Amino acid sequence: MPTGKRDGNQKSNGESAAEAIYRVVASIPPGQLASYGQVAELAGLPRQARRVGRVLSQLPADTRLPWFRVVNAAGKISFPVGSSGYQRQLNHLIDEGSAFADGRLRWRDCRL
DNA sequence: GTCCTGACGAGCG
DNA sequence: CCGCTCGCCAGGA
């Protein structure tokens, strides 16, 4: 193995951390929610919830990923109440019946 | 190279 | 319930 200092965080699959995160988020079934930490763990990145938040923050507006199904460990939307991101996420969750209009979420872990 | 920030989490007072 | 600290990692200045 040549001076391969390339590994970084790739899984043996050749799948980057971001790819793993995308895959996990995409696998969250409708009506269910997962925390950043949960997603990180399922993606093979324990203790890296922050990484998940970072990746999601870079998602394009037209992404197909159900990023709105990802909430923090407190079971709440991780955006300042009233912000556009908050409204957008809450809107999607309400649409799926995972949240009430007052911002209260129906907590359901993903538990795969 | 260092420093700061961030869609987090758990612990402590 | 609130606020603070520390750990963790990536990326931009």
Side-chain angles (χ1 to χ4, degrees):
Chain A
M1 39 55 67
T3 69
K5 302 201 137 211
R6 289 244 91 249
D7 46 306
N9 304 11
Q10 280 187 345
K11 308 190 81 196
S12 309
N13 276 341
E15 185 176 58
S16 68
E19 288 291 316
I21 291 171
Y22 296 144
R23 191 163 61 63
V24 173
V25 174
S27 71
I28 301 173
Q32 282 200 322
L33 303 175
S35 69
Y36 294 88
Q38 179 89 53
V39 172
E41 200 169 322
L42 290 172
L45 304 164
R47 250 52 122 165
Q48 294 186 70
R50 221 161 190 168
R51 176 98 80 93
V52 176
R54 191 147 183 76
V55 170
L56 295 187
S57 72
Q58 295 167 103
L59 286 174
D62 57 354
T63 182
R64 307 280 250 113
L65 289 176
W67 58 269
F68 45 84
R69 293 182 191 142
V70 184
V71 296
N72 60 32
K76 304 196 168 208
I77 292 174
S78 271
F79 282 108
V81 179
S83 66
S84 59
Y86 178 88
Q87 294 286 342
R88 209 162 5 258
Q89 181 164 14
L90 181 58
N91 197 344
H92 284 296
L93 294 179
I94 291 174
D95 197 51
E96 295 193 341
S98 292
F100 298 100
D102 63 343
R104 201 105 112 95
L105 302 187
R106 277 189 89 179
W107 179 242
R108 298 176 180 233
D109 347 359
C110 198
R111 304 240 175 172
L112 308 175

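So you know, we letter chains A, B, ... as the sequences are listed, proteins then strands, and number each from 1. Just so you know, these numbers come straight off a predicted model, no measurement behind them.
Atom CZ in A:R50 sits roughly 10 Å away from atom P in B:dG9 (whole-Å rounding). Distance A:R47 CZ to B:dG9 P: 12 Å, rounded to the nearest Å. Distance A:L65 CG to B:dA7 P: 18 Å, rounded to the nearest Å. Taking atom CD1 of residue A:I21 and atom P of nucleotide C:dG11, one finds them 11 Å apart after rounding to whole Å. Regarding A:Y36, its OH atom lies at a distance of 17 Å from the C1' atom of B:dA10, rounded to whole Å. The distance between atom NZ of A:K76 and atom P of C:dC2, rounded to the nearest whole Å, is 9 Å. Atom CD of A:Q48 and atom C1' of C:dC8 are 7 Å apart (whole Å). Across the protein-nucleic acid pair, A:E19 atom CD and C:dA10 atom P stand 16 Å apart, rounded to whole Å.
Taking the side chain of A:W67 as heavy atoms from C-beta on, and the options B:dG9, B:dA7, B:dC8, the nearest nucleotide is B:dA7. Set against B:dG9, C:dG11, C:dC9, the side chain of A:R54 has C:dG11 as its closest nucleotide. Checking C:dC9, B:dC8, B:dA7 against every side-chain atom of A:L56, the shortest atom distance belongs to B:dA7. Distance from the side chain of A:R51 is smallest for C:dA10 among the nucleotides C:dG7, B:dG9, C:dA10.
More than 12 heavy atoms of other residues, nucleotides or ligands lie within 6.0 Å of CD in A:Q32, so this atom counts as buried by the packing criterion.
Between A:F100 and A:R106 there is a side-chain heavy-atom pair separated by less than 4.5 Å.
Rounding to the nearest 0.5 angstrom, the gap separating the CG atom in A:L42 from the SG atom in A:C110 is 6.5 Å.
Partner A:V39 forms a side chain to side chain contact (heavy atoms under 4.5 Å, CB included) with one of A:L45, A:V24, A:L56 and no other, that one being A:V24.
Between B:dG6 and A:S57, no contact under 4.0 Å exists linking OP1 or OP2 to a side-chain N or O.
Between A:H92 and A:F68, the two ring planes are parallel [angle under 30°; tilted spans 30° to 60°].
Within 4.0 Å (heavy atoms only), A:G37 reaches sugar-phosphate atoms of the nucleic acid but no base atom.
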